[in-house]
Amino acid sequence: MKITRLKTWQVPPRWLFLKIETDEGAYGWGEPVVEGRAATVEAAVHELSDYLVGQDPHRIEHLWNTLYRAGFYRGGPILMSAIAGIDQALWDLKGRDLGVPVHQLLGGRVRDRMRMYAWTGGDRPQDVGAGARALVDQGFTAFKMNGTPELAIVDSHRKVDEAVARVAEARDAVGPDVGIGIDFHGRVHRPMAKALLRELEPYHPMFVEEPVAPEHLPCLANIAGGLGYPLATGERLHTRFEFRDLLAQGMIDVVQPDLSHCGGISEGMKIASLASCHDVALAPHCPLGPLTLAASLHVDAVNHNAFIQEQSMGIHYNRDNDVLDYLVDTSALAIEDGFCAIPEGPGLGVEIDEAFVEERSKVGHRWRNPVWTHEDGSIAEW
């Protein structure tokens, strides 16, 4: 069997789908994308196709190393996201060809279903109490909210008070037993993070995500020591080597690799194993589409330290189309009572409606994240 073609489609709301085809009719799907840089990643995928066409798709580890090591410049969000989608598609293809789910190829599942969480409150968080209560009524036992809107590097304590009040509102709405993930989104700089992290402690977060931007993670040793709740990060880390250095410093309790940004299933498995060596939990990042979610569930299925999975159904970014729209059978990713069953179909366990993908690709997208400014006109972190 040889790879013959890589086909890509940009589809609403902000995703990129990839299909790898072979001379024997076997195929696999993946999702190589960086939010807001879909066209750039798409170009990288087709550049990397030079290393893939004519090759045996079953040699996934060899092909991964070829894509990663054959280029002198490596790593980073674009290249690792391109590799990620290719890797997902190769695992999907292999599972389909052998007639087994990907988790069987990875050693077999350690759980039957995965606890899930949903988003509430939007980019500039508001109405978080009502939104949280609605999610709990749907069966979710956990949710995530943005902690703050834009925040200056040194800002007024009023902003801290407002952020704490929103979390208090959410906690009051759902009671003590529901998990609350609070995403700082890299918007909170070190001087403000010192205060905000501590003032959130009485509300017992499930975790605080990206307490500072990834380039400033070394400061956590000074500003976050002794907190009584977990800290999480990883969506903007792209290789096991970046996670290695973070874990070695012992400052993070939950790693959140994105299976469409960190080199795919193959690299995600290595990151999960590395985290387990440090007794750190796994909670893959996934505000993307059905293929990223399916890939995440297969990694969750076989890693004992996985404890919860993000998903983007109904998230405020999903305009025009949502996660399940592109599936032939939506039950493959159905969430019931806050859990999703591990997919048992061959490959990733989801069947993409290629005709619908083709139709929606004619609409495409040019999604960009908001560009925010502070009162003085300087650029704010989104």
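Because only heavy atoms are used, hydrogens play no part in the values below, and waters and symmetry mates are left out as well, while side chains stay in.
Using cut-offs of 30° and 60° on the angle between ring planes, the pair Tyr326 and Phe356 is tilted.
Distance alone, capped at 3.5 Å, places no donor-acceptor pair between the Thr8 side chain and the Leu18 backbone. Side chain of Glu242 to main chain of Thr239: a donor-acceptor pair is present (N/O by atom type, distance under 3.5 Å, no hydrogens or angles). Here the side chain of Arg166 pairs no donor or acceptor atom with the backbone of Met145 at under 3.5 angstrom. For the pair Glu310 (side chain) and Cys286 (backbone), a donor-acceptor distance under 3.5 Å is present. Glu267 places a side-chain N or O within 3.5 Å of a backbone atom of Arg240 that can act as its donor or acceptor partner. No side-chain donor-acceptor contact under 3.5 Å links Tyr317 to the backbone of Asn369. One N or O on the side chain of Arg368 and one on the backbone of Gly36 form a donor-acceptor pair closer than 3.5 Å. Under a 3.5 Å cut-off, the side chain of Asp253 and the backbone N or O of Leu231 do form a donor-acceptor pair. Judged by distance alone, with hydrogens and angles left aside, the side-chain atoms of His185 form no donor-acceptor pair with the main-chain N or O of Glu210 at under 3.5 Å. The backbone N or O of Gly122 sits less than 3.5 Å from a side-chain atom of Asn146, completing a donor-acceptor pair.
His304 and Ser276 form no side-chain donor-acceptor contact under 3.5 Å, judged by distance and modelled atom types alone. Side-chain atoms of Trp29 and Glu351 form no donor-acceptor pair, as typed in the model, at a separation below 3.5 Å.
Ionic pairing of Glu61 and Lys270 is present here: one or more N-O contacts between side-chain nitrogen and carboxylate oxygen are shorter than 4.0 angstrom.
A 4.5 Å side-chain heavy-atom check between Tyr203 and Asp172 finds every atom pair outside the cut-off. Side-chain contact between Glu344 and Arg109 is present, with heavy atoms from C-beta onward closer than 4.5 Å. Using a 4.5 Å heavy-atom cutoff, the side chains of Arg5 and Lys7 are in contact. Counting heavy atoms from C-beta outward, Val164 and Leu200 have side chains that approach closer than 4.5 Å.
At most 12 non-hydrogen atoms from other residues, nucleotides or ligands lie less than 6.0 angstrom from CD of Glu375. With a 6.0 Å radius and a threshold of 12 heavy atoms from other residues, nucleotides or ligands, Arg319 has its CZ atom at or below the threshold. Around CZ of Arg37, the count of heavy atoms belonging to other residues, nucleotides or ligands within 6.0 Å does not exceed 12. Atom CG of Asn222 is surrounded by more than 12 heavy atoms from other residues, nucleotides or ligands within 6.0 Å. Under a cut-off of 6.0 angstrom, the local environment of CG in Asp23 is crowded, with over 12 non-hydrogen atoms contributed by other residues, nucleotides or ligands.
Residues Ile265 and Leu6 are members of one and the same hydrophobic cluster, defined by side-chain heavy-atom contacts under 4.5 angstrom among Ile, Leu, Val, Met, Phe, Trp and Tyr. Hydrophobic clustering of Ile, Leu, Val, Met, Phe, Trp and Tyr side chains at less than 4.5 Å, counting indirect connections, keeps Val212 apart from Phe207. Ile308 and Val280 are members of different hydrophobic clusters when ILVMFWY side chains are connected at heavy-atom separations under 4.5 Å. Following chains of ILVMFWY side-chain contacts shorter than 4.5 Å, one cannot reach Trp119 starting from Leu324, and the two form parts of different hydrophobic clusters. Tracing side-chain contacts under 4.5 Å through hydrophobic residues (I, L, V, M, F, W, Y), one reaches Ile83 starting from Leu63; they form part of the same cluster.
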Quiz item: Between Asp123 and Arg187, is a salt bridge (Lys or Arg N to Asp or Glu O under 4.0 Å) present by the stated rule, with each step listed?
Solution: CA-CA 11 Å; Asp123 262 346; Arg187 296 170 183 171; 3.5 Å; yes
Exercise. Mind running side-chain contact (heavy atoms from CB on, under 4.5 Å) on Leu151 and His189 for me, showing each step along the way?
Key: CA-CA 8 Å; Leu151 204 64; His189 295 269; 5.9 Å; no
Quiz item: Should Tyr27 and Lys19 be marked as a side-chain hydrogen bond (donor to acceptor under 3.5 Å, both in side chains) after you check the CA-CA gap, both sets of side-chain angles, and the distance that decides it?
Solution: CA-CA 7 Å; Tyr27 63 89; Lys19 185 182 183 186; over 6 Å; no
Quiz item: Stepwise, does the side-chain contact (heavy atoms from CB on, under 4.5 Å) test hold for Leu274 with Phe241?
Solution: CA-CA 10 Å; Leu274 185 61; Phe241 309 110; over 6 Å; no
Self-check item: Audit row: Lys94, Asp97, side-chain contact (heavy atoms from CB on, under 4.5 Å) steps and yes/no
Solution: CA-CA 5 Å; Lys94 187 166 189 171; Asp97 190 43; 5.7 Å; no
Exercise. For Trp64 and Leu90, run side-chain contact (heavy atoms from CB on, under 4.5 Å): C-alpha distance rounded to whole Å, both residues' side-chain angles, the deciding distance at 0.1 Å, then the answer.
Key: CA-CA 10 Å; Trp64 195 99; Leu90 291 173; over 6 Å; no
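Here the closest non-hydrogen pair linking Ala193 and Ile223 is CB-CD1, 3.9 Å. When all heavy atoms are compared, the tightest approach of Glu201 to Leu227 is OE2-C, 3.5 Å. Summarising the geometry of Glu169 relative to Asp127, their closest heavy-atom pair is OE2-C, 4.1 Å, with the distance given to 0.1 Å. Closest non-hydrogen pair, Thr373 versus Ile379, comes out as CG2-CD1, 4.1 Å. The two residues Pro343 and Pro101 have their closest heavy-atom pair at O-CB, 4.0 Å. Heavy-atom minimum distance, Ala89 versus Ile20: CB-CD1, 3.7 Å.
Note that OH of Tyr117 is 12.5 Å distant from CG of Leu135, once rounded to the nearest 0.5 Å. Between atom CZ of residue Arg115 and atom CD1 of residue Ile335 there is a gap of 13.0 Å, rounded to the nearest 0.5 Å. Atoms CD and CG, on Glu21 and Leu93 in that order, are 10.0 Å from each other to the nearest 0.5 Å. Residue Leu52 holds its CG atom at 11.5 Å from OG1 of Thr4, rounded to the nearest 0.5 Å. How far CE of Met313 is from OG1 of Thr330: 9.0 Å, rounded to the nearest 0.5 Å. Interatomic distance, CG of Asn305 versus CG of Asp300, reported as 9.5 Å (0.5 Å rounding).
When each of His365, Arg14, Arg360 is paired with Asn321, the side chain to side chain donor-acceptor pair (under 3.5 Å) condition holds for Arg360 and for no other. Among Arg124, Lys159, His374, the one residue that satisfies the side chain to side chain donor-acceptor pair (under 3.5 Å) test with Glu150 is Arg124.
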Residues 254-261 side chain polar contacts: donor-acceptor under 3.5 Å, at least two apart:
unit_1	atom_1	unit_2	atom_2	d
Gln256	OE1	Thr233	N	3.4
Gln256	NE2	Glu209	OE1	3.0
Asp258	OD1	Ser260	N	2.8
Asp258	OD2	His285	ND1	2.6
Ser260	OG	Glu31	O	2.5
Ser260	OG	Gln88	NE2	3.2
Ser260	OG	Thr292	OG1	2.8
His261	ND1	Val33	O	3.0
His261	ND1	Ser81	OG	3.2
His261	NE2	Glu35	OE1	2.8

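Cation-pi geometry between Arg113 and Phe339 is met: under 6.0 angstrom from the ring centre, within 45 degrees of the axis.
Every residue two or more places apart in sequence or in another chain was checked for a ring pair (Phe, Tyr, Trp, His ring centres under 6.0 Å) with Tyr51, and none qualifies.
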